[in-house]
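One structure below.
What you are looking at is a predicted structure, and each value in this text was computed from that prediction instead of being measured.
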Amino acid sequence: MNRPYPPRGRPPRDDAPERAVRDEVRLYGLNAVRAVFARRPEAIRKVYLAEARIPALQPLLKWCVANRVGYRVVEDADLQKLAASSHHEGVVADVLRDAPMPLSTWLRDLPAGPQCALWLDGVGNPHNLGAILRSAAHFGIAAILVPKESTLALSGAAARVAEGGAESVPMVRLGRADNSIAQLHGAGFRLAATLVDGGDDVFTAALPERLVYVMGAEGEGMDRAFASACDLRVSIPGSGAVESLNVASATAVLLAEWRRRVAR
């Protein structure tokens, strides 16, 4: 039986950053864990925390006691092992994954009016994904669209960088690219390929009210054939001192411009 202030103890001999269980993810960071507790507490399976975090996490701990969810106060070194990171901020939680929904389900439930989504074509770095999720949450973006063949999934590192944004922006699994484009067009969306150069200046281009920005891979950029199949192609002009922004920084600029002009 859990007690409000459990004694110090060693965590189980499970110091991998992710559980072997396919549908579970190990989250760490105060805002990441608080966001899960606020939106879907039933997904929490186990909590580890530093003694100093007990006051800040009292609502979560009381919920754990009431719902027979285990939690344990551990040392900082244990938290580092559990998270495989020194950036755990005093709390680690094992949480059920929120599985991506099908595109048809997302479109069916999407409200009318201006909407923006992100199609991540080859983005894989967890820190970039986390930064993208944080920007998407900040600007009220409707979803992250993930290609059918992509292995992209939320990790503990991505959730920490997202600072709670991972719980605010749903991930949507696409089907075949041509079918997905047709479905999006049927719902009034237009796709904008984002190019390092050669696209229309995003600050002067006409941006539709229902828009999907297609973001390319961190290194190679967007597939050119895919870019040509999009409805418009946009670029972010700069000084030329560097080749381009990285994908997470570029995403923040693009979303800010869409929101400034369309979602007022």
Side-chain angles (χ1 to χ4, degrees), residues 103 106-107 110-125 127-147 150 152 158 161-163 165 168-172 174 177-178 180-264:
L103 178 61
W106 176 69
L107 289 174
L110 192 65
Q115 298 287 347
C116 186
L118 294 166
W119 181 321
L120 301 188
D121 180 40
V123 175
N125 180 287
H127 292 91
N128 279 337
L129 174 60
I132 287 169
L133 284 165
R134 185 173 183 175
S135 293
H138 179 75
F139 291 113
I141 299 312
I144 301 292
L145 309 182
V146 181
S150 174
L152 185 66
V161 174
E163 292 286 355
S168 299
V169 184
M171 295 186 77
V172 174
L174 301 171
D178 55 347
S180 296
I181 293 172
Q183 285 180 274
L184 289 164
H185 281 165
F189 282 94
R190 293 296 174 261
L191 275 66
T194 57
L195 307 177
V196 172
D197 54 51
D200 295 331
D201 183 335
V202 72
F203 300 119
T204 58
L207 298 180
E209 286 194 346
R210 291 171 81 85
L211 176 65
V212 176
Y213 281 121
V214 183
M215 310 302 300
E218 288 98 336
E220 301 80 9
M222 267 205 69
D223 178 80
R224 290 289 168 172
F226 189 10
S228 66
C230 291
D231 303 290
L232 59 155
R233 284 148 290 283
V234 297
S235 298
I236 301 171
S239 68
V242 294
E243 182 182 8
S244 65
L245 297 171
N246 83 347
V247 66
S249 298
T251 297
V253 172
L254 294 165
L255 297 182
E257 181 61 13
W258 178 83
R259 184 176 177 84
R260 182 184 71 84
R261 284 198 273 157
V262 177
R264 294 178 179 176

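Atom CG in L129 sits 5.5 Å away from atom CE in M171 (nearest 0.5 Å). The CG atom of L211 sits 11.5 Å away from the CD atom of Q115 when rounded to the nearest 0.5 Å. Atoms CZ and CD1, from R190 and I181 in turn, are 11.5 Å apart once rounded to the nearest 0.5 Å. For the atom pair R259 CZ and H138 NE2, the distance stands at 7.5 Å (nearest 0.5 Å). D200 CG to S235 OG: the interatomic distance, rounded to the nearest 0.5 Å, is 8.0 Å. Separation of atoms OG1 (T194) and CG (L232) is listed at 10.5 Å; rounding is to 0.5 Å.
Smallest separation of non-hydrogen atoms from G165 and A137: CA-CB, 3.7 Å. Contact detail for V262 and P114: the closest heavy-atom pair is CG1-CB, 3.9 Å. Across all their heavy atoms, A117 and W106 have their closest contact at CB-CH2, 3.9 Å. The minimum heavy-atom distance between Y213 and C116, with the atom names listed, is CD1-SG, 3.9 Å. Annotation for N246 and S249: closest pair OD1-N, 2.8 Å, computed over non-hydrogen atoms. Contact detail for V196 and S244: the closest heavy-atom pair is CG1-CB, 3.8 Å.
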Criterion side chain to side chain contact (heavy atoms under 4.5 Å, CB included) on M215 and N128, from CA distance to verdict = CA-CA 12 Å; M215 310 302 300; N128 279 337; over 6 Å; no

Going through the checks in order, is the ring pair (Phe, Tyr, Trp, His ring centres under 6.0 Å) test met by W119 and F189?
-> CA-CA 12 Å; W119 181 321; F189 282 94; over 10 Å; no

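The shortest distance between side-chain heavy atoms of L103 and L184 falls below 4.5 Å.
Sorted by first and then second residue, the salt bridge (charged side-chain N to carboxylate O under 4.0 Å, His left out) pairs involving residues 238-258 (not counting sequence neighbours) are E257-R260, E257-R261.
With I132 as the fixed residue, the side chain to side chain contact (heavy atoms under 4.5 Å, CB included) test singles out one of I144, V169, L255: I144. Checking L174, D121, L120 one by one against L145, the side chain to side chain contact (heavy atoms under 4.5 Å, CB included) holds for a single residue, L174.
Partners of H127 by side-chain contact (heavy atoms from CB on, under 4.5 Å), not counting sequence neighbours, listed by chain and number: N125, A157, V161.
No donor-acceptor pair under 3.5 Å is formed between the side chain of R233 and the backbone N or O of L195.
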